[in-house]
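Structure, as structure tokens:
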Amino acid sequence: METPTYLAAELRLPTNWLDYTILGIYFVVVLGIGFAARRSVKTSLDFFLSGRSLPAWITGLAFVSANLAATEILGMAANSAQYGVYTVHWYWIGAIPAMVFLGLVMMPFYYSSRVRSVPEMLLLRFDKWAHLLSSALFAFAAILISGVNLYALAIVVEALLGWPQWVAIVVAGAFVLAYITLGGLSSAIYNEVLQFFVILAALIPLVVLSLKKVGGWDGLTDTLTKAQGGDFTTAWGGTGIGSDNPLGANWLTIVLGLGFVLSFGYWTTNFAEVQRALSAKNLSAAQRTPLIAAYPKIFIVFLVMIPGLAAAALIPGFGTEESGYQYNDAIPYLMEQLLPNGVLGIAVTGLLAAFMAGMAANVSSFNTVFTNDIWARYVVKGREDGYYVGFGRLITVIGVCASVGTAFLASSFSNIMSYLQTLFSFFNVPMFVVFIVGMFWKRASAKSGFWGLLAGTVAAMVNYFWIYKQGIVDIPTDQGANFVSAIVGFVAGGVVMVVVSMFTAPKPAEELQGLVYGTRSPGMSEAPAEGDDAWYRRPALLGWGAIILAAACYIPFSF
């Protein structure tokens with residue numbers, strides 16, 4: 001394990017009454033949104049999926065905000081301080097193609113089948129065992145990831161504001177708990193839209209002042225090239241097979257491990273994201289949700305990468321014991337050094353907003369899966385709708401409490417993004433291989449879903465904890481090991497599905513309508529409304545535009 005995650009003590013911020021006033025106003029607005037959303041919650045569909053009534057621009061911003069958690073902000077800044085410009089891969093190849101695939105290919109299956117969750121799709125395509133296993137794995141992963149957000153929030157607030165860790169955990173957890181139990185998913189989504197703009201308001205001044213401090217982009221790259229070598233400031237430098245580079249991964253593991261397996265596994269099957277699209281008002285809006293989100297996602301990398309690079313340029317050996325800082329300190333260090341009061345309050349509010357957005361996304365998806373896919377399906381069946389709304393609120397309380405319990409599991413990682421990528425390789429990748437095989441191969445049998453999911457999860461864990469951690473195979477970095485674990489989990493799950501399908505019966509063809517590519521359900525033929533054919537409402541045009549723009553962004557960083 002790596003050094004535990006504690007931020008440097010000298011990062012205490014000189015906050016005053018103005019900063020705390022801004023923070024207080026934000027918390028009041030958050031609760032106000034929760035109370036306002038409560039009035040719209042009349043059924044379980046309202047509570048868990050906003051009644052499938054939200055416009056695409058709302059769900060699109062919520063989609064990207066749910067991902068833009070503080071673990072993303074701190075973790076990707078840490079990634080940049082540790083690995084350099086290689087961070088762009090997590091966005092341009094590790095997010096955009098998968099988001100486009102979700103919008104253009106998978107959302108018609110999700111939305112038209114009227115499922116309330118991603119695991120429920122496996123119930124329709126495979127059987128109850130695949131459904132139950134996927135529900136349990138997702139619920140467990142959601143609590144772990146929510147715990148990462150809580151732990152990261154606690155250490156940041158303790159270092160920056162001097163609050164004890166338990167105070168930060170209780171305050172943030174209580175506010176997230178309050179607005180989700182009040183207004184359900186609608187409250188979470190509208191708060192995520194607000195949080196998106198608060199996060200931007202926090203990060204943009206930090207980026208501008210960071211660049212000014214290091215002498216602009218040219219000054220930044222010159223300093224880092226001298227200290228770290230030329231590959232540190234390029235996207236593909238040193239990634240040839242057998243070559244050495246800061247990331248510890250070659251182009252093949254980047255493209256397959258991150259760009260395909262990890263990326264598609266996260267963006268297409270992670271219900272914390274897909275839930276936002278399922279709450280859209282129609283199929284067209286659901287398809288456009290991840291596509292609208294893709295455009296800000298392309299450029300957000302600069303907001304998290306530049307501060308990490310700046311921290312590495314300003315302090316020689318940043319992240320090493322000699323420097324006195326860990327990689328996770330990049331954003332807090334720059335906040336302490338560069339931001340004046342008022343702007344400091346916005347930045348602290350932005351960090352708290354990001355933590356709460358990430359936690360809320362996981363808690364709201366957890367309560368939906370646990371209530372609908374586990375409790376209502378297998379434990380207490382056939383009760384009135386109001387019972388499940390009440391149980392959803394109760395399990396939200398339990399989920400937040402459980403998140404507190406799992407928070408300290410993240411303490412053994414000095415780069416919290418490595419921890420998150422490890423979780424994704426264990427839980428999201430095996431689910432993706434089951435989805436992709438089941439969606440494109442009619443012969444995949446009902447039993448193959450369970451065994452493929454189990455095999456993929458076990459194989460990824462064995463690769464990480466035994467082959468990598470025990471030194472059976474030398475992999476230079478945790479991130480490189482995550483890429484390999486993802487590939488191993490994907491291959492193992494796929495192979496097991498094929499083998500099991502060869503020896504078990506496929507589902508009848510009539511049961512696969514709308515669940516396998518090339519078959520259609522009535523909802524898939526939904527036509528756009530009269531006059532509703534503007535370019536920004538065309539999913540295909542939006543999707544290909546995002547891919548072309550992301551590919552073009554690589555050009556300046558490739559040489």
Side-chain angles (χ1 to χ4, degrees), residues 2-11 68-91 94 148 152 155-156 159-160 202-203 206-217 219-235 237-238 245-249 258 300-339 347 351 354 410 413-421 476-480 482 557:
E2 300 180 17
T3 309
T5 307
Y6 298 106
L7 296 187
E10 59 269 25
L11 292 178
L68 192 59
T71 47
E72 169 94 356
I73 294 171
L74 293 181
M76 284 304 176
N79 247 22
S80 303
Q82 185 172 2
Y83 304 124
V85 173
Y86 293 111
T87 298
V88 299
H89 294 310
W90 273 265
Y91 291 79
V148 178
I155 61 172
V156 167
L160 300 187
L203 290 178
L206 196 64
V207 170
V208 172
L209 293 174
S210 297
L211 282 175
K212 183 178 178 182
K213 181 78 171 178
V214 296
W217 181 256
L220 177 64
T221 53
D222 288 346
T223 301
L224 291 174
T225 299
K226 290 175 185 175
Q228 306 277 2
D231 291 342
F232 200 79
T233 56
T234 69
N245 63 68
L247 186 57
L258 174 61
I300 283 170
V301 63
F302 296 111
L303 300 183
V304 294
M305 179 178 72
I306 290 174
L309 297 177
L314 290 170
I315 297 183
F318 190 87
T320 64
E321 272 189 43
E322 294 74 22
S323 71
Y325 294 96
Q326 291 192 358
Y327 296 114
N328 289 327
D329 293 339
I331 293 280
Y333 165 75
L334 293 171
M335 287 171 58
E336 189 267 340
Q337 291 288 315
L338 301 177
L339 298 184
L351 270 184
F413 285 77
S414 66
N415 182 334
I416 52 180
M417 187 50 61
S418 293
Y419 177 58
L420 286 177
Q421 296 289 322
T477 66
D478 269 352
Q479 290 289 25
N482 290 334
F557 297 98

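Sequential numbering from 1 along the given sequence is applied to the chain's residues.
Across every non-hydrogen atom of Ala347 and Leu339, the tightest pair is CB-CD1, 3.4 Å. Between Ala313 and Leu224, the closest heavy-atom pair is N-CD2, 3.7 Å. Of all heavy-atom pairs spanning Pro307 and Ala330, the tightest one is O-CB, 4.4 Å. The minimum heavy-atom distance between Val207 and Phe302, with the atom names listed, is CG2-O, 4.1 Å. Across Val304 and Ile73, no two heavy atoms sit closer than the pair CG1-CA, 3.9 Å. When all heavy atoms of Asn328 and Pro332 are compared, the pair lying nearest together is O-CD, 3.6 Å.
In this structure, the side chains of Trp90 and Leu258 come closer than 4.5 Å at one or more pairs of heavy atoms. Looking at heavy atoms from C-beta onward, Asn79 lies out of side-chain contact with Tyr86 at the 4.5 angstrom threshold. Between Trp217 and Thr233, the closest side-chain pair of non-hydrogen atoms is not below 4.5 Å.
From Glu336, atom CD reaches atom CG of Leu334 across 9.5 Å, with rounding to the nearest 0.5 Å. Here the OG1 atom belonging to Thr320 is positioned 9.5 Å from the CD1 atom belonging to Ile315, to the nearest 0.5 angstrom. The distance from the CD1 atom of Ile331 to the OG atom of Ser210 is 7.5 Å, given to the nearest 0.5 Å. Remark: Met76 CE to Leu68 CG distance equals 10.5 Å, nearest 0.5 Å. Remark: Leu203 CG to Met335 CE distance equals 9.5 Å, nearest 0.5 Å. Taking NZ of Lys226 as the start and CG of Asp222 as the end, the distance is 6.0 Å to the nearest 0.5 Å.
A donor-acceptor contact shorter than 3.5 Å is absent between the side chain of His89 and the backbone of Gly94.
Between Phe318 and Tyr333, the ring-plane angle classifies as tilted under the 30° and 60° cut-offs.
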